Amino acid sequence: MVVKSNKSEIINQDMISISNALINLKECFEGKKILVTGAAGFLGKYFVGLLSFLNKYILDNSVTIYSFDNYITGINHEIKDNNIHCFNQDVTIPFEIDDEIDYIIHAAGIASPLYYTKHPIETMDVSTIGTRNMLELAKQKNVKGFLFTSSSEVYGDPPDKYIPTPETYNGNVSISGPRACYDESKRFAEILCLNFWRVHEVPVKIVRYFNIYGPGHRQNDYRILPNFIERGLNKEPLMVHGDGKNTRSYCYIIDAIEATFKVLFLEEKGEAYNIGNPSQEISVNQLSEIVANLLPGKVLIEKIKPPHAVYGDSDPKRRCPDISKLQSAIDFVPKYNLEEGVDRTIKWYLEK
């Protein structure tokens, strides 16, 4: 397939790859009406971008896309598609929509520690009030599927015996620490979803993302990979907080998007699934070396004292998902190793 639907060649290639991975689900998309909250965020832009791509090149009957965002952290996307209806909408404020809706992907949230520590009340509101509003809408519209994008943060700081972490682990989460506004509101949102399934039979699914990365992060997002890449391209040292021994497992965005849509269309309801790539759990020190080696020119690495409590002792020591439940439910194997995904992300930054 040779297409030019996006100004970015990297994202264009990503859309082709995801479309190929989802081609067997073509009938699930045909003619549907899909509402995406947080549509201007990192994940949301890929959700909307993929649906628009499918409209242009794959589907016989286009998806109607409802794009919701209040742009508190998101950046307005510039996708030209007559099937996209954009709403500057804060999901914590009650609203009405006249059209029928088939699927809701509730991806609104403030995920970067830099921003959720600046906006803790808004962070809690979007996961609690916002999720309740979207579930009420799902109930009213009798949707075929409601997908809530949760986070590995619901597990807090698991002990080693729960690494890789299964969905059955209940978590070790501080209720008062600097991450609590994000972590605890995500946990509350999950139980909201499950009780709307149990009481009102709203067909909810939950995905818990483990460190998704790739093209599309805003330049000042401050999460580790975009921060490393942005600093490196500006010929600034990569700043490792503390001793750099904390580990993460990184998953390239198109692997995550593929898994998300496959979960959305599952028959099973009221279930949570880890989405991530457990094959390369690495330390921040190792990550900084990989990024430095892939960036153009010589890049220095420096260690600094964590600039904020959210990056200090409250930072979980390890993160690695058990994805066996996901793999038993859908046909999914992460395709991109870390070096390849980081290289693609750097190339996207250079395109800009």
Side-chain angles (χ1 to χ4, degrees), residues 18 34-51 65-70 72-74 89 91-92 101 103-113 115-116 122-135 137-138 143 145-155 167 181-194 196-197 202-214 216-217 221 223 251-266 269-277 319 321 323 325-326 329-330 332:
I18 307 171
I34 300 179
L35 189 156
V36 180
T37 72
F42 172 52
L43 288 163
K45 284 185 291 188
Y46 262 77
F47 293 143
V48 173
L50 173 66
L51 294 172
I65 307 155
Y66 301 91
S67 164
F68 278 36
D69 208 294
N70 67 348
I72 188 171
T73 59
Q89 176 66 49
V91 295
T92 69
I101 303 293
Y103 294 96
I104 294 175
I105 301 175
H106 181 35
I110 302 176
S112 168
Y115 288 98
Y116 67 63
E122 292 87 346
T123 298
M124 292 185 288
D125 283 350
V126 71
S127 284
T128 56
I129 301 169
T131 301
R132 174 65 186 267
N133 285 341
M134 298 313 301
L135 286 164
L137 180 66
V143 299
F146 178 99
L147 187 136
F148 175 65
T149 63
S150 190
S151 167
S152 60
E153 292 280 348
V154 300
Y155 298 122
E167 290 86 351
C181 63
Y182 183 75
D183 302 358
E184 291 286 53
S185 61
K186 283 289 189 184
R187 287 164 65 91
F188 182 77
E190 287 200 19
I191 198 61
L192 265 177
C193 291
L194 293 177
F196 265 75
W197 159 239
V202 174
V204 304
K205 295 93 179 271
I206 297 165
V207 291
R208 296 171 180 161
Y209 293 122
F210 279 72
N211 294 94
I212 312 303
Y213 73 96
H217 274 299
D221 178 271
R223 275 174 282 189
C251 180
Y252 188 59
I253 188 167
I254 67 171
D255 284 332
I257 298 297
E258 173 194 338
T260 299
F261 277 103
K262 286 183 175 180
V263 168
L264 176 66
F265 297 131
L266 280 174
K269 315 295 192 304
E271 296 289 339
Y273 301 89
N274 291 336
I275 292 182
N277 187 344
R319 278 280 162 76
I323 61 170
K325 180 178 178 180
L326 179 73
I330 65 173
F332 174 71

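By convention here, the first residue in the shown sequence is residue 1. Here the structure is a predicted model, which means the values were calculated and not measured.
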Handout entry: Nearest-0.5 Å distance, OG1 of residue Thr260 to CD1 of residue Ile275
Key = 3.5 Å

Fill in the blank from the handout: Closest non-hydrogen contact found for Val154 with Arg187 is O-NH1, 2.7 Å

Exercise for the section: Side-chain contact test, heavy atoms from C-beta onward, threshold under 4.5 Å: evaluate it for Tyr209 versus Leu43 and give yes or no. Expected result: yes

Handout entry: Least distance between heavy atoms, Ala256 atom then Cys251 atom
Key = N-SG, 4.1 Å

Exercise for the section: Identify the heavy atoms of Ile212 and Ile253 that sit nearest to each other, and give their distance. Expected result: CG2-CA, 3.7 Å

Handout entry: Reported CG-to-CG distance for the pair Asn211 and Asn277, which is rounded to 0.5 angstrom
Key = 11.0 Å

Practice task
Examine distances only and state if a side-chain atom of Lys262 and a backbone atom of Ala329 form a donor-acceptor pair shorter than 3.5 Å.
Solution key: no

Practice task
Might you work through the side chain to side chain contact (heavy atoms under 4.5 Å, CB included) test for Leu50 and Phe261, ending with a clear yes or no?
Solution key: CA-CA 10 Å; Leu50 173 66; Phe261 277 103; 3.5 Å; yes

Problem - Flag, side chain of Asp125 to backbone of Thr92, donor-acceptor distance under 3.5 Å - result: no

Problem - Least distance between heavy atoms, Leu326 atom then Asn274 atom - result: CD2-O, 3.5 Å

Practice task
Would you check if the side chain of Ser127 reaches a backbone N or O of Met124 as a donor-acceptor pair within less than 3.5 Å?
Solution key: no

Problem - Any side-chain heavy-atom pair of Ile206 and Val263 under 4.5 Å - result: no

Practice task
Quick one: sort the Tyr155 and Phe210 rings into parallel, tilted or perpendicular, breaks at 30° and 60°.
Solution key: tilted

Practice task
Answer yes if the ring centres of Tyr213 and Tyr252 are under 6.0 angstrom apart, and no otherwise.
Solution key: yes

Practice task
Could you tell me whether a side-chain N or O of Lys45 sits under 3.5 Å from a main-chain N or O of Gly216, the two making a donor and an acceptor?
Solution key: yes

Atom pairs and distances, side-chain donor-acceptor, residues 104-111, under 3.5 Å, sequence neighbours left out:
| unit_1 | atom_1 | unit_2 | atom_2 | d |
| --- | --- | --- | --- | --- |
| His106 | ND1 | Thr37 | OG1 | 2.7 |
| His106 | NE2 | Thr131 | OG1 | 3.1 |

Exercise for the section: Measure the shortest side-chain to side-chain distance between Ile34 and Phe47 over non-hydrogen atoms and say whether it is less than 4.5 angstrom. Expected result: no

Problem - Heavy-atom side-chain proximity of Cys193 to Leu135 below 4.5 angstrom - result: yes

Fill in the blank from the handout: Residues at least two apart in sequence or cross-chain that pass salt bridge (charged side-chain N to carboxylate O under 4.0 Å, His left out) with Glu190, listed by chain then number, are Arg208

Exercise for the section: Could I get the full list of side chain to side chain contact (heavy atoms under 4.5 Å, CB included) partners for Lys269, not counting sequence neighbours? Expected result: Trp197, Pro203, Lys205, Glu267

Practice task
Under the side chain to side chain contact (heavy atoms under 4.5 Å, CB included) rule, what do Leu192 and Phe148 come out as? Steps first, then yes or no, please.
Solution key: CA-CA 10 Å; Leu192 265 177; Phe148 175 65; over 6 Å; no

Exercise for the section: Report yes if the side chains of Asn133 and Val91 come closer than 4.5 Å at any heavy-atom pair, otherwise no. Expected result: no

